[in-house]
Structures are given as structure tokens and as C-alpha cells.
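For reference, positions follow the sequence shown, starting with 1.
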Amino acid sequence: MLDLQQPRPGYWYINRTGKLMKVKMLMYGRDDIEWVLIQYVEGTTHTISLGDWQCLDLVVPRYEQGHVILDSDNAF
């Protein structure tokens with residue numbers, strides 16, 4: 001099971017309003033992740049704090065036989 005509260009570079013996520021975003025990079029401080037660089041499908045990028053990331057209501061798309069399934073509990 002994928003922990004949606006932990007950002008993973010290269011993974012696509014969908015917020016509850018339907019915006020598709022990809023984690024491009026994680027930026028570390030002294031001990032752990034501090035910032036997350038996300039890119040929306042149209043190309044815009046934003047840097048958000050890990051705390052803000054953890055407040056997002058995300059699902060991860062998965063694919064089964066040509067259909068996209070949005071499942072926030074058992075994404076992979």
C-alpha cells in the first residue's frame with residue numbers, strides 16, 4: 001500500500017478537485033524532507049512545504065484493463 005502522506009518523486013497524484021500533479025523533486029533540510037516540488041499537467045510548478053503536502057486530500061490513479069481507478073486507501 002502506498003502512503004499518500006509521503007511524497008514520491010515521479011508519482012502522479014490527483015487532488016479531490018481533480019487536478020493532476022506529479023512530484024518532481026523533494027528538498028531536504030538537516031534531517032528530513034522540508035519542501036516538495038510539484039508540477040501540474042499543464043506544466044506549472046509549485047514548491048510547497050511538507051506540512052502543506054500532508055494537508056492535501058490526495059488519491060493516486062491506478063489502471064486496470066484500460067480504466068483509471070481512483071482509490072485513496074489501496075492505491076497500489
Side-chain angles (χ1 to χ4, degrees):
M1 177 167 33
L2 181 65
D3 178 5
L4 294 177
Q5 295 305 314
Q6 185 66 25
R8 298 186 188 278
Y11 276 72
W12 287 95
Y13 298 84
I14 300 172
N15 66 19
R16 291 292 176 179
T17 63
K19 279 203 109 166
L20 185 62
M21 66 180 112
K22 184 177 189 177
V23 174
K24 297 296 285 181
M25 181 183 354
L26 303 177
M27 292 166 254
Y28 287 80
R30 291 182 182 253
D31 298 321
D32 208 357
I33 301 168
E34 290 191 11
W35 299 95
V36 180
L37 177 65
I38 58 173
Q39 180 179 25
Y40 291 99
V41 71
E42 68 274 2
T44 59
T45 59
H46 294 282
T47 302
I48 61 173
S49 71
L50 182 62
D52 287 345
W53 171 267
Q54 292 171 337
C55 291
L56 295 175
D57 190 11
L58 300 172
V59 294
V60 176
R62 65 183 168 110
Y63 305 91
E64 288 183 7
Q65 298 177 351
H67 300 283
V68 175
I69 298 170
L70 303 178
D71 183 346
S72 60
D73 295 326
N74 298 311
F76 285 108

[X] with [Y], same ILVMFWY side-chain cluster at under 4.5 Å:
{"X": "Met27", "Y": "Leu50", "answer": "no"}
{"X": "Val36", "Y": "Tyr40", "answer": "yes"}
{"X": "Trp35", "Y": "Ile38", "answer": "no"}

For Asp52, enumerate each residue passing the side-chain contact (heavy atoms from CB on, under 4.5 Å) test, keeping only those at least two apart in sequence or located in another chain.
->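 With neighbours one apart ignored, the set is Ile48, Ser49.
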
Residues in side-chain contact (heavy atoms from CB on, under 4.5 Å) contact with Lys22, at least two apart in sequence or another chain = Trp12, Lys24

Taking all non-hydrogen atoms of both residues, which atom of Arg30 and which atom of Glu34 are closest, and how far apart?
-> N-OE2, 3.9 Å

Heavy-atom check, side chain of Val41 versus side chain of Lys19, under 4.5 Å =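 Sidechains of Lys19 and Val41: no contact.
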
Any side-chain heavy atom of Arg8 within less than 4.5 Å of one from Val23?
-> no

How long is the straight-line distance from [atom2] of [Y] back to [atom1] of [X], given to the nearest 0.5 Å?
{"X": "Leu37", "Y": "Thr47", "atom1": "CG", "atom2": "OG1", "result": "4.5 Å"}
{"X": "Tyr13", "Y": "Leu20", "atom1": "OH", "atom2": "CG", "result": "12.0 Å"}
{"X": "Met21", "Y": "Asn15", "atom1": "CE", "atom2": "CG", "result": "4.5 Å"}
{"X": "Ile14", "Y": "Leu56", "atom1": "CD1", "atom2": "CG", "result": "13.5 Å"}
{"X": "Ile33", "Y": "Tyr28", "atom1": "CD1", "atom2": "OH", "result": "4.0 Å"}

